[in-house]
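Below is one structure, written out as structure tokens; comments come after it.
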Amino acid sequence: NAGVTQTPKFQVLKTGQSMTLQCAQDMNHEYMSWYRQDPGMGLRLIHYSVGAGITDQGEVPNGYNVSRSTTEDFPLRLLSAAPSQTSVYFCASRDRGLVSNGYTFGSGTRLTVV
Amino acid sequence: AQTVTQSQPEMSVQEAETVTLSCTYDTSESDYYLFWYKQPPSRQMILVIRQEAYKQQNATENRFSVNFQKAAKSFSLKISDSQLGDAAMYFCAYRSADDMRFGAGTRLTVKP
């Protein structure tokens, strides 16, 4: 059981470039979220989805787009990378039915924008 | 929006001793869940313990226990008999119906 798979694990971008961080889960979880982790700030919610075709903004959505065409996949798109987007990104998922559960996390993507 | 505050950026404990990590949160909801996550240097987020707000009894998982004070909106984590493997970042998290919010984290050092 793979759980939550994020790719790539590391990425270096130039300012202005675009890219997509991939996230896939094989647990049939309805809820999926993207977080960024910065020193001293914990994990901040970027976007989340409560099911296929449904997405919503979190605390820090600017500069990022998401879509949820299938239950399994929840990609995060950086439209025009900026140095302020240098961070570690985590994708997470949980089952709608297990309301007391926390999220299952991927292993993270370390992104550096130069 | 809900906010989660961890007021201790760093904590240190002697091996085999007990340490308590603090967490407070702000919410107007009555039904929610609270969690503590551990993040070792591997970067993986590991669920340590959970607490349902409607339960008065404090959750316990082996050496880990919480002190949940709903009226005070406080949710502290106590680690007993600390081990070297407990060294990590610890995040407190608040989960409502649709999303989860995290505190800034506490870095725990365990001294041999």
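Bear in mind that the values here come from a model prediction, so they are computed numbers and not experimental data.
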With a cut-off of 6.0 Å (strictly less than), are more than 12 heavy atoms of other residues, nucleotides or ligands near NZ of Lys78(B)? no

Could you state whether Met45(B) and Leu21(A) fall into the same hydrophobic cluster, counting links through intermediate Ile, Leu, Val, Met, Phe, Trp or Tyr residues with side-chain heavy atoms under 4.5 angstrom apart? no

Value for CZ (Arg94(A)) from CE (Met100(B)), rounded to nearest 0.5 Å, stands at 7.5 Å

Which atoms of Tyr31(A) approach chain B - backbone, side chain, both or neither, heavy atom under 4.5 Å: side chain

Side chain Arg101(B), main chain Leu45(A), donor-acceptor under 3.5 Å: no

What part of Ser96(B) lies closer than 4.5 angstrom to a heavy atom of chain A: side chain, backbone, both or neither? backbone

Heavy atoms of Val88(A) and Arg43(B) approach each other most closely as CG1-CD, 3.8 Å

Just one of Phe91(B), Phe102(B), Tyr37(B) clears the ring-ring contact (aromatic ring centres under 6.0 Å, His included) bar with Tyr35(A), so which one? Phe102(B)

Decide whether Leu84(B) and Met89(B) are clustered together by the hydrophobic rule: side chain heavy atoms of Ile, Leu, Val, Met, Phe, Trp, Tyr closer than 4.5 Å, transitively. no

Indicate if Met27(A) and Met32(A) have the same hydrophobic cluster label, given that clusters are the connected sets of ILVMFWY residues with side-chain heavy-atom separations under 4.5 angstrom. no

Please classify the contact of Arg44(A) with chain B as side chain, backbone, both or neither, using a heavy-atom distance under 4.5 Å. neither

Please determine, among Ala92(A), Gly42(A), Gly106(A), Ser33(A), the option with the most heavy-atom pairs under 4.5 Å with chain B. Gly42(A)

Quick check on the hydrophobic clustering: are Leu43(A) and Leu47(B) connected, directly or via other members, by side-chain heavy-atom contacts under 4.5 Å? yes

Non-hydrogen atoms of Gly40(A) and Ala104(B) that approach each other most closely: O-CB, 3.4 Å

If you measure from CD on Gln39(B) to CD on Gln37(A), what distance do you get to the nearest 0.5 Å? 4.0 Å

Heavy-atom contacts under 4.5 Å, residues 48-84 of chain A to chain B: Tyr48(A), Val50(A), Glu59(A)

Residue Gln57(B) excluded, over 12 heavy atoms near CD under 6.0 Å: no

If Ile, Leu, Val, Met, Phe, Trp and Tyr residues are connected whenever their side-chain heavy atoms lie under 4.5 Å apart, and connections chain through other members, are Val48(B) and Phe35(B) in the same group? no

